[in-house]
Amino acid sequence: MMKPADRKAAIAAYRERKSAAGLYCIRCSANGQQWVGRAPDLATIWNRHSFALRMGSNPHPTLQRAWKEHGSESFAFRELERLDESIGPHAREATLKKRLADWCGELGAEAI
C-alpha cells in the first residue's frame, strides 16, 4: 500500500507533467483497416480507446465492430506526429484538424 506522502508526490508529479498533443493511428492487422485521430494528450488516448472498446462503448462504430470481430490482439496503436509545445491553443486546434485530414488521405484511414 502506498504511503500518503508518496501518493501526494505521485499526484503532484502527474499534474505537473507536460502533455503532448498530436495525431495517432489505430490499425487492425486482421483486415488492414486504419483509424486516425487527434488528441490533446497522446500519452493517454490509447488507454481511453482500449477501455471503451473492451466495454463495447467506443463511439466509433467501425472501430468497435472491427474490435468485436477480430479481437484485441489484432490491434496496434502508434503515434504519428507530435505538435510543437510552443504552438498556442487556437493554432494547435487548427493544426490538428489539418494534419488529421492529411494523415487520413496519406494512409487511407478513417478519421476518428
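All figures in this text were calculated on a predicted structure; none of them were measured in a lab. All values below come from the heavy atoms of this structure, side chains included, with hydrogens, waters and symmetry mates left out.
Going from atom OG1 of Thr95 over to atom CZ of Arg92 covers 9.5 Å, rounded to the nearest 0.5 Å. Summarising the geometry, atom CG belonging to Leu83 is positioned 10.0 Å from atom CD belonging to Glu93; distances are rounded to the nearest 0.5 Å. Distance check: Trp35 CH2 to Leu63 CG gives 5.0 Å after rounding to the nearest 0.5 Å. Annotation: the span from Cys28 atom SG to His70 atom NE2 amounts to 4.5 Å, rounded to 0.5 Å.
Looking only at side-chain heavy atoms (C-beta outward), Glu81 and Arg99 come within less than 4.5 Å of each other. Side-chain contact between Leu23 and Asp102: absent, with no pair of heavy atoms (C-beta onward) separated by less than 4.5 Å. In this structure, Thr62 and Gln33 have side chains that are in contact, with non-hydrogen atoms separated by less than 4.5 Å. With contacts defined as side-chain heavy-atom distances shorter than 4.5 Å, the pair Phe51/Trp46 does not qualify. The shortest side-chain heavy-atom distance between Thr44 and Arg48 falls under the 4.5 Å cut-off.
By the side-chain contact (heavy atoms from CB on, under 4.5 Å) test, Gln64 is found to be paired with Leu53, Asn58, Trp67, residues two or more places apart in sequence or in another chain being considered. For Asp84, the salt bridge (charged side-chain N to carboxylate O under 4.0 Å, His left out) test picks out no residue, with sequence neighbours left out. Cys104 pairs by the side-chain contact (heavy atoms from CB on, under 4.5 Å) definition with Val36, Leu100, Ala111, not counting sequence neighbours.
One hydrophobic cluster, built from ILVMFWY side chains closer than 4.5 Å, cannot hold both Trp103 and Ile45; they sit in different ones.
Judged purely by atom type and a 3.5 angstrom limit, Ser29 uses its side chain to pair as donor or acceptor with the backbone of Ser74. No donor-acceptor distance shorter than 3.5 angstrom exists from the side chain of Arg82 to the backbone of Gly22, with no hydrogens or angles considered.
Among the candidates Phe75, Phe77, Tyr24, the single residue satisfying the ring-ring contact (aromatic ring centres under 6.0 Å, His included) test with His49 is Tyr24.
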Are Gln34 and Glu110 close enough, and set up right, to give a side chain to side chain contact (heavy atoms under 4.5 Å, CB included), and what steps lead you there?
-> CA-CA 6 Å; Gln34 297 184 95; Glu110 180 181 333; over 6 Å; no
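For Arg7, the CZ atom sits in a loose shell: 12 or fewer heavy atoms of surrounding residues, nucleotides or ligands are nearer than 6.0 Å.
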